[in-house]
2 protein chains.
Amino acid sequence: MVFDMLDDRSKQVLCAVVQSYINSPEPVGSRFVTKKYPLGCSPATIRNIMADLEEFGFLSQPHTSAGRVPTDRGYRFFVDTLLNTEKTHEGDEISKEFVRQFTRKLEGIKNDLNVMFSEATNTLSVMSSYVGVLIPPQPEKITFKKIDLIRYKGSNVVVILLTDEGIIKNRVMRVDPLVTQEDLSRIADYLNSEFSGLILDDIRGMLVKRMKDEKVLWDKLISKAIKVCEQALSFSEDEIFVSGLYDVMDLPDFSNIARIKELSRAIKDKHTILKLLDEFSDAEGVQVVIGDENPVEDLRNLSIVTAPYKEGNRPMGVIALIGPTRMDYLKAISMVGAVAKCVSRTFRD
Amino acid sequence: MVFDMLDDRSKQVLCAVVQSYINSPEPVGSRFVTKKYPLGCSPATIRNIMADLEEFGFLSQPHTSAGRVPTDRGYRFFVDTLLNTEKTHEGDEISKEFVRQFTRKLEGIKNDLNVMFSEATNTLSVMSSYVGVLIPPQPEKITFKKIDLIRYKGSNVVVILLTDEGIIKNRVMRVDPLVTQEDLSRIADYLNSEFSGLILDDIRGMLVKRMKDEKVLWDKLISKAIKVCEQALSFSEDEIFVSGLYDVMDLPDFSNIARIKELSRAIKDKHTILKLLDEFSDAEGVQVVIGDENPVEDLRNLSIVTAPYKEGNRPMGVIALIGPTRMDYLKAISMVGAVAKCVSRTFRD
DNA sequence: ATTAGCACTCTCATTATTAGAGTGCTAAGG
DNA sequence: CCTTAGCACTCTAATAATGAGAGTGCTAAT
């Protein structure tokens, strides 16, 4: 396929252009290539090759007398080469050390998921200087294990939710004052016996269904109980973790305000980005989406590098970096991979 | 004082310039004033007045042949006039209705503080199109009432904290496996009997002190208990609620990227902004800080409108709007006031 | 005290000009 | 047949020149 339409030297030229442009965002000319990436031929030759590459759609010219700039397709080729040659793992000496240290750091805070997730997102963005994003496990991925309902001061109830993955969530909610602690315990027992081992989302569905089906049969209390359960289980806060939106403004790619607004808008629309990234939770390893490959309008000028994190073999959520298409893919890929590995590892225990 | 150095017509001219400039950010000329704000005199007269106002430091010219622009001092005068004439309450018919509706909305979600706070911040920013900020109650403001420590699955402990203000916070933490539920109950009892009615911050200080003083005397378990307490009470998440950073970019005042970065930086530095705003928590009613009056470097080009929200008479935290100095102060002041009122009202029950 | 009139100033948009970078093409050389 | 030197050509971006327009400050008259 694509790899075959180019001879070795063409590939080298393409990669040279991409690397140079990633390094600094100025159109790269033929003379510059020969100086910086000695391929043993003259500018004229490079020019010919570049013309070909342009014809294939890997490069383009901002205007007639400028150098070349990679197209999204050009980046794609570059990334595929990167991923194929496994050059990605070249930085493993650094990476190994990083994974070790960072895993230890996560160990220390893993009992508070929110803290752990924001730490991961932060690290990602700080080290890459792109925008770090993390999608927490979605309800449809979480297995229910045990629930406790504890009456608390008047009509408040503390819900403590324990899942198979060891995730503990807790929240306070309000119930009808008529519901006693005893009732709550009964409700909890009911939930625990009926639904243990099932997935949160399904449970919620089942509850709603039961509520409808047997509305007439069940007594008031039970009906109320179901309502409590449903509330208790709606933990989907539609929340995602984002970090680095500020530092990204220092990149020349975001020197014009329209770009920043695009990015902000895309991130602000949590639902869309959640849906988008969630699709990668089943993927194997690091995935890259480049510029116009992106289904979301506002992200057409950006690239996304994602990797799922897992609990054992089951995918839990997604970690991602969002940056300009002119992104340091090598770094981004290994960073996302490493952080995903750390988080997964922490989940395992 | 300041009010006396200007005759009535001068004040009118100043206010006209400010209003016009707030309305659209273009230097306003003498001719324009006579057209839009009929004061019964000619452009030439206005010119004379404007020259005076400039001498006093209320107006300035971007360049010789441009119209006038308000200085920060000019805005200050305008705002003081606004606050003095109580014109602020002119919009009360709208305001009243808003307060009623919004209070009801808050009622529905007040049992989850996080939700309530972000709702308040959101509303503020959406309706004003500036950046909404909310400082949650700080540990030194929260009165301890009761704590529960519940062992949960292995070495996890659920901490449920109840305060005088009815704030319930809960979190999961990890303790030494040797500590039993019985120990935890004893610890909780100890805390409840010793510290009820005191302020969180003080309690923490006392705990630390005890830990030091009696280190040798107390047995291992007690020492561990103290440690648990301290952890349990460190609820200061240094978190603030921010909303509207995105929409603010649409304002012409933020068309250049430096401004956005300034604003982002200021907000990102949560500690600074927290400290800054916290100083207004004891103030009475709405306060306005304009441009260079601001102690924080990054906020010198911005204005802040703040108001404390209270539980009864005790100030709890602060609500604020951050926007350009060319801010619609009338709107901002009444919005911040209204939202603060709603939040306070919700706290009362 | 106010105002009409006018000269003056400064900005901003428009146009012209030029240096520089980089290309594409052609023709010569291995 | 691939490579390369040479050269004309193209396009940009920076700089300068020009002029219209807006708004002022000042003066002299009311």
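Each chain gets a letter, A, B and so on, in the order the sequences are listed, and its residues count up from 1.
The main-chain N or O of A:M127 is found under 3.5 Å from a side-chain atom of A:K331 such that the two form a donor-acceptor pair.
Atom pair B:L59:CG and D:dT24:C1' shows a separation of 14 Å (rounding to whole Å applied). Here C:dC25 presents its P atom at 16 Å from CE of A:M50, a figure rounded to the nearest Å. Atom CD1 in B:I46 sits roughly 9 Å away from atom P in C:dT3 (whole-Å rounding). The CG atom of B:N48 sits 9 Å away from the C1' atom of C:dT2 (whole-angstrom rounding). The separation between B:I49 atom CD1 and D:dG23 atom C1' is 17 Å, rounded to whole Å. Between the C1' atom of D:dT3 and the CG atom of A:D52 lies a distance of 14 Å, rounded to the nearest Å. The separation between B:E55 atom CD and D:dG25 atom P is 11 Å, rounded to whole Å. Atom CD in A:E26 sits roughly 11 Å away from atom P in D:dA13 (whole-Å rounding).
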Each nucleotide N or O in nucleotides 28-30 of chain C that has a protein N or O under 3.5 Å away: list the pair and distance.
none

Nucleotide N/O of nucleotides 14-17 of chain D paired with protein N/O under 3.5 Å:
none

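A side-chain hydrogen bond (donor to acceptor under 3.5 Å, both in side chains) check over residues 287-302 of chain B, counting only residues at least two apart or in different chains, returns the pairs B:R76-B:E293, B:E262-B:N301, B:R265-B:D298, B:E297-B:R300. Within the structure, side-chain hydrogen bond (donor to acceptor under 3.5 Å, both in side chains) contacts touching residues 52-64 of chain A (residues at least two apart or in different chains) are A:E54-A:R68. For residues 12-41 of chain A, there are no salt bridge (charged side-chain N to carboxylate O under 4.0 Å, His left out) pairs, not counting sequence neighbours.
When only modelled atom types and interatomic distance are considered, B:Y329 and B:S303 share a side-chain donor-acceptor pair under 3.5 Å. Side-chain polar atoms of B:T121 and B:S243 form no donor-acceptor pair below 3.5 angstrom. A donor-acceptor pair shorter than 3.5 Å can be found between the side chains of A:D7 and A:S10.
Contact annotation: A:R68 does not reach the phosphate of C:dA21 (side-chain N/O to OP1 or OP2, under 4.0 Å).
By the 6.0 Å and 45° rule, A:R73 stacks over the aromatic ring of A:F58.
For the residue pair A:T71 and A:G57, the shortest heavy atom distance occurs at OG1-O, 2.6 Å.
With sequence neighbours left out, B:T272 forms a side chain to side chain donor-acceptor pair (under 3.5 Å) with B:D269. In this view, B:F32 satisfies the ring-ring contact (aromatic ring centres under 6.0 Å, His included) rule with no residue, not counting sequence neighbours. In this structure B:P25 satisfies the side chain to side chain contact (heavy atoms under 4.5 Å, CB included) test together with B:Y21, B:P252, B:R326, sequence neighbours excluded. Residues satisfying the side chain to side chain donor-acceptor pair (under 3.5 Å) criterion with B:N23, sequence neighbours excluded, are absent altogether.
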Using a 4.0 Å cut-off on protein heavy atoms (strictly under), produce a 5'-to-3' string for nucleotides 5-12 of chain C with B for base contact, S for backbone-only sugar-phosphate contact, and - for none.
B---BBS-
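If you check residues 29-43 of chain B against DNA chain D, the residues with a heavy atom closer than 4.0 Å are B:G29, B:S30, listed by number.
Relative to the side chain of A:T45, the nucleotides C:dT3, D:dT24, D:dT3 differ in distance, and D:dT3 lies closest.
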Please tabulate, for side-chain N and O atoms in residues 40-49 of chain A, each donor-acceptor pair with protein atoms closer than 3.5 Å (sequence neighbours left out).
{"unit_1": "A:S42", "atom_1": "OG", "unit_2": "A:A44", "atom_2": "N", "d": "3.4"}
{"unit_1": "A:S42", "atom_1": "OG", "unit_2": "A:T45", "atom_2": "OG1", "d": "3.4"}
{"unit_1": "A:R47", "atom_1": "NH1", "unit_2": "A:S30", "atom_2": "OG", "d": "3.2"}

